[in-house]
Colleague: 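Before I ask anything, here is the structure I am working with.
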Amino acid sequence: MKRYRRYLVLPLFLGGLALIASGCAEGFSVEKVEHELNVWGIPHHPWQIGPGTFWQLTPSTIIFTWVAMGLTLLLGVLAVRGASVRRPTKMQALFEMVLEFLQGLVNDTMDPKKGAGIFPVIVTFFLFISVCNLLGLVPTCMAPTADHQTTFAFALITYALTYIWGIKYKGVGGHFKHFLQPFPYFLPITIIEDLAKPLTLAFRLFGNMKGKETMVLALLGLITGWAEICGGFTASVVWLAFGVFVSFIQAFVFTMLTISYIGMVVADEHH
């Protein structure tokens, strides 16, 4: 029995530290941390512009959406600044790599001629959503995509594009004919399936970004006293690195699904 005691020392030690950390974290709340990080004085309460919760605007979402727009434009300017075919800059090379990757996805999903018109939207989606997602990892900032209003706006753009591109390349009759396939009495199911696309797009992005932001706030709030000794800081660094990965992955997933949805509506019947 004595030879097994040494294996019990480390778990007991870590357990004791965890109890101390939990005691130090008493009274902790995500709302409190969020309030303390709000150094910009942005109102927490939404602006009411009409009756009901639907007609509400979140000030922080609007502000940081504009911040994300500015950062995205700045990245674009830096990418083309000093661009050269013979000696490309590092930013230019990075952007060209992203563009070629997205171009390959579009060409693999639909006819290149049909995808040419949608390609600028795809690039904008990926870059802008990536910047929005990464903003949530910066203390005192928030990710606009952690608000369902933003993600629903993105999803509605994708939903509208499926109709615009479908009608453009198949006509009104050809586009809406798929609602009656494979059998006309499947119409209610196909309508529900069609309406579910923007909902799943919006909720997937919103859920992942809201969860990531909440976790970052929680970890930042625990970095005090014994919590730091117990690994609060290390956990935060690890989670921030994982948050960067998740931010790009979710931007890629949203972009890839947009390409897939549009590719399905413009695909030839014999395919």
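All values reported here derive from a predicted model rather than from experimental measurement. The basis for the numbers below is simple: all heavy atoms, side chains too, and nothing from hydrogens, waters or symmetry mates.
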Colleague: Do Met69 and Val131 have side chains that approach each other closer than 4.5 Å (heavy atoms only, starting at C-beta)?
Modeller: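 Result no, sub-4.5 Å side-chain heavy-atom pair not found.
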Colleague: Does Thr190 offer a backbone N or O that forms a donor-acceptor pair with the side chain of Asp194 under 3.5 Å?
Modeller: no
Colleague: Does the side chain of Asn133 reach to within under 4.5 Å of the side chain of Leu205, using non-hydrogen atoms?
Modeller: yes
Colleague: For a quick test of reading the model, state the closest non-hydrogen atom pair linking Arg81 to Thr89 and the distance between them.
Modeller: O-CG2, 4.2 Å
Colleague: Could you report the tightest heavy-atom contact between Pro198 and Ala155, atom names first, then the distance?
Modeller: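 The pair with the smallest heavy-atom distance is O-CB, 3.3 Å.
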Colleague: So for atom OH, which belongs to Tyr163, do other residues, nucleotides or ligands contribute more than 12 heavy atoms lying within a distance under 6.0 Å?
Modeller: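 Atom OH in Tyr163 is crowded, with more than 12 foreign heavy atoms closer than 6.0 Å.
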Colleague: Is a side-chain donor or acceptor of Thr109 paired with a backbone partner of Gly263 at a separation under 3.5 angstrom?
Modeller: no
Colleague: What residues, two or more places apart in sequence or in another chain, satisfy ring-ring contact (aromatic ring centres under 6.0 Å, His included) together with Phe128?
Modeller: Phe154
Colleague: Locate the shortest heavy-atom distance separating Leu137 from Ser247; write the atom from each residue and the value.
Modeller: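 Reported closest heavy-atom pair: CD1-OG, 4.2 Å.
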Colleague: Are Leu257 and Met264 joined in one hydrophobic group, where the rule is that I, L, V, M, F, W and Y side chains link up if heavy atoms are under 4.5 Å apart?
Modeller: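 Looking at the clustering, Met264 is in the same group as Leu257.
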Colleague: Looking at side-chain heavy atoms only, is the closest gap between Val106 and Ile122 below 4.5 Å?
Modeller: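 Yes, side chains in contact.
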Colleague: Can you tell me how far apart CG (Leu105) and CE (Met110) are? Round to the nearest 0.5 Å.
Modeller: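 Leu105 CG to Met110 CE: 10.0 Å, rounded to 0.5 Å.
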Colleague: Kindly indicate whether the side chain of Ile129, heavy atoms from C-beta on, has any atom under 4.5 Å from the side chain of Gln250.
Modeller: no
Colleague: I need the Leu127 CG to Leu102 CG distance, nearest 0.5 Å.
Modeller: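 If we round to the nearest 0.5 Å, Leu127:CG and Leu102:CG are 7.5 Å apart.
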Colleague: With the 4.5 Å side-chain cut-off for hydrophobic clustering, are Ile157 and Phe203 part of the same group?
Modeller: no
Colleague: Between Lys114 (side chain only) and Val266 (backbone N and O only), is there a donor and an acceptor less than 3.5 Å apart?
Modeller: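 Yes; judged by distance alone, with no hydrogens or angles, the pair exists.
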Colleague: Which pair of non-hydrogen atoms, one from Met142 and one from Leu135, has the smallest distance, and what is that distance?
Modeller: O-CB, 3.6 Å
Colleague: In Å, rounded to the nearest 0.5 Å, how long is the span from SG of Cys141 to CG of Leu134?
Modeller: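 Going from the SG atom of Cys141 to the CG atom of Leu134 covers 11.5 Å.
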Colleague: Shared ILVMFWY cluster between Ile259 and Ile249, side chains joined below 4.5 angstrom?
Modeller: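 Yes; Ile249 is reachable from Ile259 via cluster members.
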Colleague: Side-chain contact, heavy-atom cut-off 4.5 Å: Val123 with Phe95?
Modeller: no
Colleague: Which of parallel (below 30°), tilted (30 to 60°) and perpendicular (above 60°) describes Phe242 and Phe245?
Modeller: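 The arrangement is tilted - the two ring planes meet at 30° to 60°.
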Colleague: Does the side chain to side chain contact (heavy atoms under 4.5 Å, CB included) test come out yes or no for Met209 and Val246, once each step is laid out?
Modeller: CA-CA 8 Å; Met209 292 304 103; Val246 171; 3.8 Å; yes
Colleague: Does any non-hydrogen side-chain atom of Phe126 lie less than 4.5 Å from one of Phe101?
Modeller: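 No; the side chains remain at least 4.5 Å from each other.
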Colleague: Are Phe152 and Leu201 close enough that some pair of their side-chain heavy atoms sits under 4.5 Å apart?
Modeller: no
Colleague: State, with a plain yes or no, whether a side-chain heavy atom of Thr150 is found less than 4.5 Å away from one of Phe206.
Modeller: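 They are not in contact (no side-chain heavy atoms under 4.5 Å apart), so the answer is no.
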Colleague: Hey, could you give me the NZ/CG distance between Lys197 and Leu156, rounded to the nearest 0.5 Å?
Modeller: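 Answer rounded to 0.5 Å: 14.0 Å.
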Colleague: Looking at Pro120 and Thr124, what are the two nearest heavy atoms and their distance?
Modeller: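 Smallest interatomic distance, heavy atoms only, reads O-OG1, 2.8 Å.
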Colleague: Show your working on side chain to side chain contact (heavy atoms under 4.5 Å, CB included) between Thr145 and Phe254 and close with a plain yes or no.
Modeller: CA-CA 12 Å; Thr145 45; Phe254 190 97; over 6 Å; no
Colleague: Which of these, Lys90, Met91, Gln92, sits in a side chain to side chain contact (heavy atoms under 4.5 Å, CB included) with Pro88?
Modeller: Gln92
Colleague: Would you give the length of the straight line joining atom CG of Leu195 to atom CD1 of Ile191, rounded to the nearest 0.5 angstrom?
Modeller: 7.5 Å
Colleague: Considering non-hydrogen atoms only, spot the tightest contact between Phe248 and Ser130 and give its length.
Modeller: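 Smallest heavy-atom distance, with atoms named: CD2-OG, 3.8 Å.
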Colleague: Leu161 and Leu199: same hydrophobic cluster, using ILVMFWY side-chain contacts below 4.5 Å?
Modeller: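 Different hydrophobic clusters.
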Colleague: Under a 3.5 Å distance rule, please check whether Lys170 uses its side chain to pair with a backbone N or O of Phe176 as donor and acceptor.
Modeller: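 No: the side chain of Lys170 does not pair with the backbone of Phe176.
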Colleague: Hey, quick one: are Leu73 and Leu75 part of the same hydrophobic cluster, counting side-chain heavy atoms closer than 4.5 Å, chains of contacts allowed?
Modeller: no
